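Scroll down for the structure; my scribbles are underneath it.
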Number of protein chains: 2
Amino acid sequence: MSAEMQKELQEYLAELKHRVKKRGLKHSQQREQILRVLYHANKHLTPEEIYHEVKKSSSTIGLATVYRTLAFLEEEQMVTSISFGSEGKKYELNTGEHHDHMICLECGKIMEFFDERIEKLQEEIAQKSGFKLLAHEMNLYGLCSECQQKA
Amino acid sequence: MSAEMQKELQEYLAELKHRVKKRGLKHSQQREQILRVLYHANKHLTPEEIYHEVKKSSSTIGLATVYRTLAFLEEEQMVTSISFGSEGKKYELNTGEHHDHMICLECGKIMEFFDERIEKLQEEIAQKSGFKLLAHEMNLYGLCSECQQKA
DNA sequence: TTATGTGCAAACTCTTTGCATTACC
DNA sequence: GGTAATGCAAAGAGTTTGCACATAA
């Protein structure tokens with residue numbers, strides 16, 4: 001792990017401790033391990049996947065703890081979730097940069113993108129209907145370039 | 001029900017029979033009832049809600065049949081589904097007009113909209129990444145005008 | 001010390017499947 | 001008459017909860 005990443009990870013961990021303390025809770029190894037896994041994954045993970053990853057790093061953990069921690073992290077907006085099709089929810093670390101998703105229906109790969117123009121249009125549409133926009137999600141479904149070639 | 005609606009509903013039912021036949025299957029009262037309920041609801045319904053609606057109209061039906069029928073109708077693209085938050089999937093009749101959704105986080109109301117400019121931008125973004133766009137969904141979350149006043 | 005966090009197992013919810021029976025063609 | 005569709009009940013998958021024990025402050 002580069003020094004840069006090392007530092008970044010420490011910042012996330014510090015943020016976690018801060019938020020835990022702010023809510024009068026206690027720090028725990030499990031919450032920290034889950035955050036580490038999400039940081040290193042750098043992609044969307046299911047609760048089950050997170051559970052196995054944490055176990056690999058020789059830490060003891062239960063699935064219930066993963067669910068509880070993800071609920072906490074999502075409330076604190078430190079992670080975001082996405083769900084599509086019949087697959088369950090998947091989680092990723094909230095890096096603070098909003099983005100949308102392109103999802104390959106063949107291999108399940110999730111790519112991220114951001115387009116300022118669309119964001120503006122969404123605001124405009126909401127405003128027209130007197131709707132107070134708090135969040136949004138946009139998912140594009142199709143075939144990634146690799147899967148198109150295979151087909 | 002107006003003559004106009006009567007006619008429209010008949011068209012959907014004819015389409016259903018056509019698609020059932022095309023797949024070498026048999027027509028059934030239950031599939032027809034489910035389509036009727038979706039037509040009259042004119043909004044998103046959960047499988048459970050559809051089940052209860054059909055029962056009201058003095059038809060006998062099981063939840064399993066609702067799930068099986070919805071799967072069939074979705075494959076045939078006669079209905080579309082949407083899922084958000086922890087709530088399960090909701091279904092609506094596919095009227096052939098693509099649209100996106102604004103979802104009120106307070107009362108759960110779902111409003112539909114369509115914006116040609118956003119559609120174009122989505123195409124453009126996909127193209128840039130060599131992604132073959134097959135479908136998309138865009139959900140705006142927030143507070144509808146009524147719920148803003150209440151708060 | 002004492003309240004919170006955890007792991008485990010049981011409970012729950014939503015959805016799917018197996019099977020005997022019914023309905024369609 | 002033969003095949004597909006249905007209802008019911010049981011099975012699955014994913015998630016949540018209760019509880020005794022472990023752990024952080």
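Keep in mind the model is a prediction, meaning the values are calculated, not measured. Residue numbers begin at 1 in each chain, while the letters A, B, ... track the order of the sequences.
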With respect to the phosphate group of C:dG5, does any side-chain polar atom (N or O) of A:Arg68 fall under 4.0 Å of OP1 or OP2?
no
Proximity to the side chain of A:Lys26 - top-ranked nucleotide from C:dC25, D:dA5, C:dG5:
C:dG5
Does A:Thr60 make a side-chain N or O approach to OP1 or OP2 of C:dT6 shorter than 4.0 Å?
no
Take atom CD1 of A:Ile34 and atom P of C:dT6, then tell me their distance rounded to the nearest Å.
7 Å
Side chain of B:Ser28 only, please: which of D:dT15, D:dA5, D:dA24 is the nearest?
D:dA5
Given B:Glu74 and B:Thr80, is the side-chain hydrogen bond (donor to acceptor under 3.5 Å, both in side chains) satisfied, shown in steps?
CA-CA 6 Å; B:Glu74 193 164 24; B:Thr80 58; over 6 Å; no
Touch class at under 4.0 angstrom, heavy-atom based, for B:Glu48 against every strand present:
nothing
Classify the side-chain pair A:Asn139/B:Glu137 by whether it contains a donor and acceptor separated by less than 3.5 Å.
yes
Between A:Tyr12 and A:Tyr39, how do the two ring planes meet: parallel, tilted or perpendicular, split at 30° and 60°?
tilted
Quick one: A:Arg31 CZ to D:dT23 P, roughly how many Å, whole number?
15 Å
Choose from D:dT15, C:dC8, C:dC25 the nucleotide whose nearest atom is closest to any side-chain atom of A:Ala64.
C:dC8
Any B:Gln30 side-chain N or O less than 4.0 Å from OP1/OP2 of C:dT22:
no
Between D:dA4, C:dG7, C:dT4, which nucleotide gets closest to the side-chain atoms of A:Thr65?
C:dG7
Under 4.0 Å between a side-chain N/O of B:Tyr67 and OP1 or OP2 of C:dT15, yes or no?
yes
Rounded interatomic separation in angstrom, taking NZ from B:Lys22 and P from C:dC25
17 Å
If we ignore hydrogens and angles and just use 3.5 Å, is the side chain of A:Thr69 paired with the main-chain N or O of A:Thr65 as donor and acceptor?
yes
